2 protein chains.
Amino acid sequence: MARGPGTRAGLTRAAVLDAARVLLAEEGLAALTMRALARRLDVAPNALYSHVAGKTELIDALLDDHLAAVHDPTADAAEPVAAVAALMTSTFDALVTAPDLVPLYLDRRGARGANAVRLGVTMDALLTRAGVAADAIPTARGNLIVHAIGSAAFATADGPPGSRTARDSFVAGLGWLLAGIVRS
Amino acid sequence: MARGPGTRAGLTRAAVLDAARVLLAEEGLAALTMRALARRLDVAPNALYSHVAGKTELIDALLDDHLAAVHDPTADAAEPVAAVAALMTSTFDALVTAPDLVPLYLDRRGARGANAVRLGVTMDALLTRAGVAADAIPTARGNLIVHAIGSAAFATADGPPGSRTARDSFVAGLGWLLAGIVRS
DNA sequence: ACCTGAACACCGTTCAAGT
DNA sequence: ACCTGAACACCGTTCAAGT
């Protein structure tokens, strides 16, 4: 719009996603609209649809990309239970980084992207090595995921951004769940 | 709009909330708009603002009203731990009833209405009687609430509406958390 | 006090057209 | 292939006016 005539925007899918992340971090979820995003990129609103299927697909991509930051312990770690704890804590820390994104994980009821699948596979392997029976793994995994995402959602509620009490609460609950999982 | 001239709509706050509940149940969260709600009530969109401060306040009222369905065990129940389990299970069951509402509890990061406060007070009393130290109660309560809301959010994800596996998973996790809470 | 018409400042998305 | 102008079918909310 403010570009000179004849020039091209030269948009990229990566550029759109990056701008969306910045917009989300700086102004929050309510401000993340297609039109505001286009304004930031100095482009007409419908230009975004050349790189993204729609707002839903954009957000799904944002969610899964965010999980790329989760540190993935090798599935053959020495102590499987400690490795599961580390994996979940890393997930919690990653989620807390983007508070506005967390409720959307609940909306989507668990991300389905490549990174989410990768973490799920790793966790199942670790739980198996920890001695959890095959038919008990879905319950164990489900409870751990609910705990990580739910805790992250509540962590950003009150207290300062770096509130340690929320993280301590998450760690305590994680320990209780893991104790119950390995004992059953 | 389709009413005869001279007649009055005779709206009530309760009528607005009731219609909102019906709309939510029948057509889902995306369909719950002020304008659609007004259409249902055969009224101009802005007429709603005589009975409700805005959409946010309407949803907050919907959320807290929903918690009225939670069975509140007397705080002086014989077995405090069993009473906490019953209270959380009743909360889970109530939440599962309104799947579209559950993600909003996360958005609001825990309802602040009268019913939510009531349940919180009851739970604190039960936890105290169960021998949980005063400074450990916030962590215990927080983990239980996260578990109930998070489990309800995921419960409606896959499987049939009356899926028992989701409820069984919730019950298993609840047991693990309670065991950890009373042991610490 | 309660309701209306009209308006304001937005949305996501589609379509035909240009390069 | 990528981008634009224009439009469609919506939003939540406010304001001045009527009864």
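Here the structure is a predicted model, which means the values were calculated and not measured. Below, chains carry the letters A, B, ... as their sequence lines are ordered, and counting in each starts from 1.
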Asker: Quick one: which of D:dC3, D:dG12, C:dT13 gets closest to the side chain of B:Met34?
Answerer: D:dG12
Asker: Salt bridge check: are A:Arg21 and A:Glu26 linked by an N-O gap of less than 4.0 Å?
Answerer: no
Asker: Could you measure the distance from the CD1 atom of A:Ile149 to the CG atom of A:Leu104? Nearest 0.5 Å is fine.
Answerer: 11.0 Å
Asker: Rounded to whole angstroms, how far apart are CD1 on B:Ile59 and C1' on D:dT13?
Answerer: 15 Å
Asker: Without decimals, in angstroms, what is the distance between A:Leu58 CG and C:dG12 C1'?
Answerer: 12 Å
Asker: Measuring only the C1' atom in each nucleotide, how far is D:dC11 from C:dC8? A whole number of Å is fine.
Answerer: 12 Å
Asker: If you define the side chain from C-beta out and look only at heavy atoms, does anything of B:Pro45 sit under 4.5 Å from B:Arg35?
Answerer: yes
Asker: Find which nucleotide of DNA chain D each of A:Ser50 and B:Thr56 is nearest to by heavy atoms, and output the residue with the more 5' nucleotide.
Answerer: A:Ser50
Asker: Between B:His147 (side chain) and A:His147 (backbone), is there a donor-acceptor pair under 3.5 Å?
Answerer: no
Asker: Over how many whole Å does the gap from A:Glu57 atom CD to C:dG12 atom P extend?
Answerer: 15 Å
Asker: C:dA17 and D:dC2: how far apart are their C1' atoms, nearest whole angstrom?
Answerer: 13 Å
Asker: I'd like to know if the side chain of B:Asn115 reaches the main chain of B:Leu67, judged simply by a donor and an acceptor atom lying under 3.5 Å from each other, with no hydrogens or angles considered.
Answerer: no
Asker: What do the steps show when you test B:Val22 against B:Glu27 for side-chain contact (heavy atoms from CB on, under 4.5 Å), and what is the final call?
Answerer: CA-CA 8 Å; B:Val22 171; B:Glu27 310 194 37; over 6 Å; no
Asker: Rounded to the Å, how far apart are A:Asp42 CG and D:dC3 P?
Answerer: 12 Å
Asker: For A:Asp168 and B:Thr139, test the side chains for any donor-to-acceptor distance below 3.5 angstrom and give the result as yes or no.
Answerer: no
Asker: Output the rounded distance in Å from OH (B:Tyr49) to C1' (D:dA17).
Answerer: 19 Å
Asker: Suppose we define a pair by two distances each less than 3.5 Å, Watson-Crick or G-U wobble; what does C:dA7 pair with here?
Answerer: D:dT13
Asker: Counting only Watson-Crick or G-U wobble pairs whose two distances fall under 3.5 Å, which nucleotide matches D:dG18?
Answerer: C:dC2
Asker: With 3.5 Å as the limit, what N/O pairs link the protein to nucleotides 7-10 of chain C?
Answerer:
none

Asker: Could you walk me through whether B:Val81 and B:Leu127 pass the side-chain contact (heavy atoms from CB on, under 4.5 Å) check?
Answerer: CA-CA 7 Å; B:Val81 177; B:Leu127 289 171; over 6 Å; no
Asker: What is the distance, rounded to the nearest whole Å, between atom CG of A:Leu48 and atom C1' of C:dG12?
Answerer: 11 Å
Asker: Between D:dT4, D:dC11, D:dT13, which one does the side chain of B:Ala36 approach most closely?
Answerer: D:dC11
Asker: Are any of the side-chain nitrogens in B:Glu79 or B:Arg129 under 4.0 Å away from the carboxylate oxygens of its partner?
Answerer: no
Asker: Hey, does the side chain of B:His51 come within less than 4.0 Å of C:dC3's phosphate (OP1/OP2), counting only N and O?
Answerer: yes
Asker: Which residues, if any, of residues 15-31 of chain A bring a heavy atom under 4.0 Å of DNA chain C?
Answerer: none
Asker: Just the rounded figure in Å: distance from C1' of C:dT13 to NZ of A:Lys55.
Answerer: 12 Å
Asker: Evaluate B:Asn143 against A:Leu177 for side-chain contact (heavy atoms from CB on, under 4.5 Å), listing each step before the verdict.
Answerer: CA-CA 10 Å; B:Asn143 274 285; A:Leu177 288 175; over 6 Å; no
